[in-house]
Structures are given as C-alpha cells and as structure tokens.
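Below is one structure; the comments refer to it alone.
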Amino acid sequence: MDKIVLKLYITGQTPKSERAIANMKSICKNELEGRYKLVIIDVLERPQLAEDEKILATPTLIKVLPPPLARVIGDLSDTEKVLVGLNMEPFQNSKKKGGSGK
Amino acid sequence: MSVKKNGSQINKLETGITGFDFVAGGGLPKGRTTLLAGTAGSSKTVFAAEFIAQGIVKFKENGVFITFEESPADICRNMRSLGWDIEKWVAEGKFAFVDASPDVGSQSVTAGEWDLGALVARIEHAVKKVTAKRVAMDSLGAIFTQFADGATVRQELFRVASALKSMNVTSILTAERIHEYGEIARFGVEEFVADNVIILRNALDHEKRRRTIEILKFRGCSHQKGEYPFTILPGAGIVVIPLSAMKLKQKSSDIRITSGNAELDSMCGGGFFRDSIILVSGATGNGKTLMATEFIAGGAKNGERCLLLAFEESRKQLIRNATGWGFDYEQMEKEGKLKFVCEYPETAGLEDHLIKIRSEIDSFKPNRLVVDSLSALERVSSIKGFREFVIGLTSFIKHGEVAGLFTATTPSLMGGTSITETHISTITDSIILLRYVEMYGEMRRGLTVLKMRGSMHDKDIREYTIDGTGMHIGKPFRDITGIISGNPTRIQQGELGRIDELFAEEKVGVNEKEG
C-alpha cells in the first residue's frame with residue numbers, strides 16, 4: 001500500500017499547535033498504522049515554506065501523497081472531519097470489515 | 001511632512017500618487033493602517049498597487065502586496081499598462097507578494113479551531129525580506145469568502161491589523177462597499193482600522209461615470225474634506241484633481257496684452273491683462289470664434305504662442321474660417337506660434353480633458369489659451385463637474401501667467417445668458433457680450449464690455465460689423481435700449497436729448513473703475 005505523506009503547518013508553541021500535533025499523532029496511530037510519513041513545519045521558522053504552499057490559516061494539514069492534494073484546517077480535534085478532508089476511509093473500520101470477511 | 005498637534009506628532013508618509021498627497025495634507029499617516037473602501041470597480045486595487053509602486057519609483061521605499069483576490073500574475077499584468085514592471089521589482093527584491101488568492105483546485109475542510117498565524121508569519125517574513133516600508137492588502141472582503149467561519153476571520157483580522165502596526169509599516173487595507181453612499185464597508189471591517197478611512201467612489205452621474213476620492217477621517221491629522229475627482233491614466237496611474245483645495249495665490253500682472261483688435265483694446269482701457277481670463281458670450285454665428293481668432297493673431301504678431309482648444313470645429317475648418325477673415329493660421333502654426341488641439345468633448349470625461357489640457361500647456365508653454373467653446377464641454381458633464389473643470393483650468397493657467405479666452409454660446413439669439421456664464425462668470429476677469437440687435441427688419445450686432453476687473457472700460461454697447469478683414473467696432477447704439485435683455489426698443493431723439501441734459505454733469509464719470 002502507498003505511503004501517505006502528510007505535512008502539518010503550525011505557528012510556534014501555542015496551545016492550538018500542541019493540540020493539533022497531539023491530535024495528529026493519535027489519528028496517525030489509530031487510523032493510519034505505520035503507513036504514513038508526517039512532517040511538522042513551524043511557519044515561524046520556515047515562513048518561505050508557508051508562502052510556497054500558500055498557507056493562510058494554522059494549523060493546516062496537507063496530504064501531499066497520494067493525490068489528490070487535500071487540506072484540513074484547524075486543530076484536528078474532529079477526527080471524522082479530518083479523515084473526510086483527507087479523502088480517507090477510517091483505517092480501523094476497513095480493518096474491521098476485512099476481519100469480518102475472514 | 002509632519003503635522004504637530006498638542007505636542008504629539010503624527011508624521012505623514014508621502015504616497016507619490018499625483019494630487020493625493022495634497023488632498024491628504026501630506027500623505028497617509030505614517031506607521032498606521034488606512035482602510036480604503038469602495039464599491040466594485042472603484043479602483044481599490046489600482047490605488048493599493050500604486051501606493052506600493054510609487055514608493056519604489058519615487059522614494060526608494062520597498063513594499064509588500066498581500067492579495068486575497070487576484071493572483072500575483074494577474075496583478076503584474078494589469079499594472080503593466082500603468083507603466084509599472086512589478087515582475088522586475090520582485091526580481092530586484094524591492095517588491096514582494098504574499099499570495100493568499102484562492103486556489104481553484106484545492107478544497108479544504110475545517111476540523112477544529114484555527115487562526116491566521118501563518119498569514120501573519122508570511123507578512124512578517126515578506127516585510128523583512130524586502131525591508132518594506134509600505135504594505136497593501138487587497139481585499140479584506142475576499143478573506144471572508146475563503147473561510148466559512150466569519151467570527152474567527154473577524155477576530156483574526158484584528159490580529160493582522162495589530163501585527164501590521166507593530167511592524168512599523170504604513171499600510172492600506174482595501175474593503176468592499178455595496179452602496180456608493182452607505183455604510184463604510186461590508187462585514188463591518190472598518191472596526192479593525194477605524195483610525196483612517198478613505199472612500200473611493202465610481203458614481204453614475206448623468207450617464208457618465210465619475211470617480212471621486214474622499215478622506216473620511218485621519219485620526220489626529222489634518223486633511224481636505226469632501227470628494228475630489230480623480231482619473232486613471234495609462235503610464236501615470238491615479239491622478240487626483242485637488243480642485244476645491246486650490247489656493248487663490250496666483251500672482252497678478254499689470255501688463256496689458258492686445259486683444260488683436262485695436263478698437264476692442266481701447267474699449268478695455270488698453271487691452272486685456274496678461275494673466276486674465278476673458279469670457280466671450282454670444283449667440284451662434286455672432287463672431288465669438290472671430291474674436292478668438294483675432295486674439296490669437298494679435299498674440300502671434302507679438303511673437304506670443306497660442307494654444308487653441310477647439311471642441312466644435314476641426315483644424316481644417318478653423319483654418320478655412322480664419323482665412324475668410326484674413327488670418328493665416330497655417331503660417332502661424334508653421335512658425336510654432338499656434339497649436340491646435342481639436343477634439344469632440346464626448347471623447348473623454350472632463351477630468352481627463354483637464355489633465356490632457358494641462359499636459360498640452362506644460363509641453364507647448366503658450367502665452368495665450370483659447371477654448372472654443374466652453375459650452376460644448378458643458379454637454380458632457382454635470383454642473384458640478386463642469387464648474388470644477390473651469391476652476392481647475394483657470395487656476396492652472398493663471399499660475400502659469402497665461403491669458404485665457406473662453407467662448408460661451410447663449411441659447412437664444414436675442415439677449416439671454418448661457419448656463420456657462422452663470423456658472424463661471426465669477427471666475428472670469430473680463431466678460432464681453434456679443435448680441436444681436438434687431439432693427440427695422442435687419443439683424444445688427446452689438447458688443448459691450450460687461451466687466452473688466454481692475455481697469456477702466458467703455459460702458460457703451462457698440463455696433464460692430466464683420467467682413468473679410470475681421471471685426472470692426474463702430475459707434476455706440478445711442479438711441480436704442482433693451483439690447484442685452486433681448487428686446488431692443490428705439491428711443492425718440494427728443495427724449496434722448498432730454499435725458500442727456502438731465503445727466504449732463506455726470507457724463508464725466510462714464511468710465512468708472514470696477515472693484
């Protein structure tokens with residue numbers, strides 16, 4: 001299966017940034033199980049990257065691969081919306097479905 | 001430039017936008033944010049972009065342009081027609097874009113709380129990168145369309161505005177309005193930047209679009225009040241015409257110049273003043289253009305240069321008419337003493353005409369200016385616009401010590417005044433009336449010098465004739481009254497004699513000085 005490449009843009013050590021990182025890590029762990037690569041970018045340190053990617057709001061999560069490119073804005077507290085935004089079926093659900101088929 | 005008030009000092013930053021700094025009392029409040037509000041098509045983006053461009057061109061101040069609406073490529077392309085090569089400046093590190101224009105392809109989902117921290121970081125980065133002194137953000141309303149959560153946008157814009165303040169830059173934020181005369185801006189954005197508000201208007205006035213700019217407030221700074229017309233010229237950008245803000249400071253001259261007609265000169269007490277404005281009013285076919293022609297010929301004879309602005313006739317027609325009166329326009333033109341500018345008034349708005357006339361005057365440097373006729377220009381504008389045009393023109397030529405002769409057409413053959421006259425008579429220094437006089441089934445012509453500021457002048461209504469050698473002013477109409485009012489009546493000789501006797505001692509004072 002293709003690896004999912006994700007970029008998470010944050011601004012500094014704000015509570016919102018930390019919440020987003022924590023939420024992202026838990027989604028990755030629970031839903032994406034090892035088939036992901038996550039890069040966290042602090043736009044205060046790398047503003048040019050934000051410029052290139054045209055990031056306005058933070059936190060912003062971008063799914064770089066597989067296509068299509070998808071964006072999710074916010075602290076990622078709503079897991080279901082994050083997955084919808086990334087065009088992904090919840091991984092656990094699909095595993096469960098697979099399990100019942102056995 | 002600075003304005004001192006109660007010890008605290010608010011500096012102004014010269015924008016470099018033609019005419020604007022004058023209206024703004026020196027420029028925009030330095031280090032502050034100004035809201036620029038306007039309806040669709042009121043040239044907010046042009047103003048914002050020119051603010052940055054002029055900083056680079058005129059003051060070596062770099063700038064950052066934050067765009068929420070058009071893409072940077074579109075802005076570069078649109079501004080090229082105004083003479084600004086933004087792409088070059090970007091390459092030279094003088095201009096930076098913060099591209100926040102919406103991506104058509106990408107969709108985004110909102111999952112949780114967010115802020116515009118990345119935008120603020122990008123603006124700070126861009127400002128640092130080019131050491132910007134000026135920032136423009138176009139437009140606030142477009143951010144609201146990019147995010148569903150209006151409340152957060154509002155709150156975050158406040159953060160952007162305060163971040164701009166702390167960056168020590170002078171900035172312009174543009175915002176949409178729905179109505180030309182109504183609330184300041186959509187989405188209530190004015191509350192973020194309530195210190196300084198400028199409004200651009202593009203109002204429909206008598207089937208013509210008229211652009212105006214108004215400084216609504218500059219907190220703690222002085223500025224001119226009310227709306228000022230402006231126009232956008234290729235290669236020059238925005239040109240604000242600071243009409244009502246002009247000062248009556250022109251010099252005054254005692255030097256007389258010839259009207260080109262010896263009899264008229266003597267009626268005016270020795271000719272027109274060199275820097276005066278003369279209005280010639282008369283019905284159609286009454287000799288106004290002839291008087292203008294003699295004025296030009298008289299100037300050319302003395303080696304003066306004349307600029308003829310014709311709004312009714314073409315160059316060929318003018319030359320033919322002048323030849324009919326015995327004047328050789330082509331020869332004067334060859335000698336560089338005469339220049340024709342012939343145009344239909346409808347080709348442009350009055351603001352554009354004014355700017356064009358100014359640049360013609362600047363390049364040709366005439367001693368005399370003839371406008372034939374002013375009434376034709378009245379067709380294309382509202383009354384207010386026309387007045388402003390005349391004031392703008394007269395003030396400009398007076399500063400340049402140019403003598404101006406304007407013709408105005410009266411609507412009725414006999415007597416009467418034109419609308420042109422009623423609006424501009426107070427601005428002119430001299431008024432000459434040309435009137436038809438109907439006597440015994442014959443149309444004769446009468447002329448009088450109605451007003452001649454600062455000089456004695458003949459108060460008679462004199463008869464004049466026109467032939468192949470021009471205008472010939474003869475004797476006064478002694479036995480006729482009511483010429484100017486349009487109903488000439490013959491007075492019995494006996495009665496005239498009696499009146500003469502009655503006022504015999506006052507005849508000495510026929511020539512009196514006008515205040």
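Reckoned from all heavy atoms, side chains included, excluding hydrogens, waters and symmetry mates. The structure presented is a predicted model; accordingly, all values stated were derived computationally and were not measured.
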Original post:
Based on non-hydrogen pairs under 4.5 Å, which of A:Thr58, A:Asn23, A:Thr11 is most in contact with chain B?
Top reply: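 The residue among A:Thr58, A:Asn23, A:Thr11 with the greatest pair count is A:Thr58.
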**OP:** Find the one option among A:Gly74, A:Gly12, A:Pro59, A:Ser17 whose heavy-atom pairs under 4.5 Å with chain B are most numerous.
**Re:**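 Ranked by heavy-atom pairs under 4.5 Å with chain B, first place is A:Gly74.
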Original post:
Which heavy atom of A:Lys81 sits nearest a heavy atom of B:Thr110, and at what distance?
Top reply: CD-O, 3.2 Å
Subject >> Side chain, backbone, both or neither of B:Gln146 within contact of chain A (heavy atoms, under 4.5 Å) >> reply: side chain
**OP:** With sequence neighbours left out, write down each residue that passes side chain to side chain contact (heavy atoms under 4.5 Å, CB included) with B:Lys30, or none if nothing qualifies.
**Re:**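 B:Lys30 satisfies side chain to side chain contact (heavy atoms under 4.5 Å, CB included) with B:Asn11, B:Leu13, B:Thr170 once adjacent residues are dropped.
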Original post:
Does CG belonging to B:Asn168 count more than 12 external heavy atoms closer than 6.0 Å?
Top reply: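 Count not over threshold, so no.
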Original post:
Could you give the distance from OG1 (A:Thr60) to CH2 (B:Trp114), rounded to the nearest 0.5 Å?
Top reply: 9.5 Å
Original post:
Atom NZ of A:Lys16 and atom CG of B:Asp115: how far apart are they, to the nearest 0.5 Å?
Top reply: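 Rounded to the nearest 0.5 Å, the NZ-CG separation comes to 4.0 Å.
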**OP:** Could you check which of B:Asp99, B:Thr152, B:Leu116, B:Val98 has the highest count of heavy-atom pairs closer than 4.5 Å to chain A?
**Re:**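 Highest number of pairs under 4.5 Å: B:Asp99.
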**OP:** Could you have a look at B:Ala111, B:Ser101, B:Gly112 and say which one has the most heavy-atom pairs with chain A under 4.5 angstrom?
**Re:**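 Maximum pair count with chain A is reached by B:Ala111.
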**OP:** Using the test salt bridge (Lys or Arg N to Asp or Glu O under 4.0 Å), find all partners of B:Arg211 that sit at least two apart in sequence or belong to another chain.
**Re:** none
Original post:
What are the residues of residues 42-55 of chain A, in order of number, with any heavy atom under 4.5 angstrom from a heavy atom of chain B?
Top reply: A:Val43, A:Leu44, A:Pro47, A:Gln48, A:Ala50, A:Glu51, A:Lys54, A:Ile55
Original post:
What residues form a side chain to side chain donor-acceptor pair (under 3.5 Å) with B:Lys94, not counting sequence neighbours?
Top reply: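 B:Glu92.
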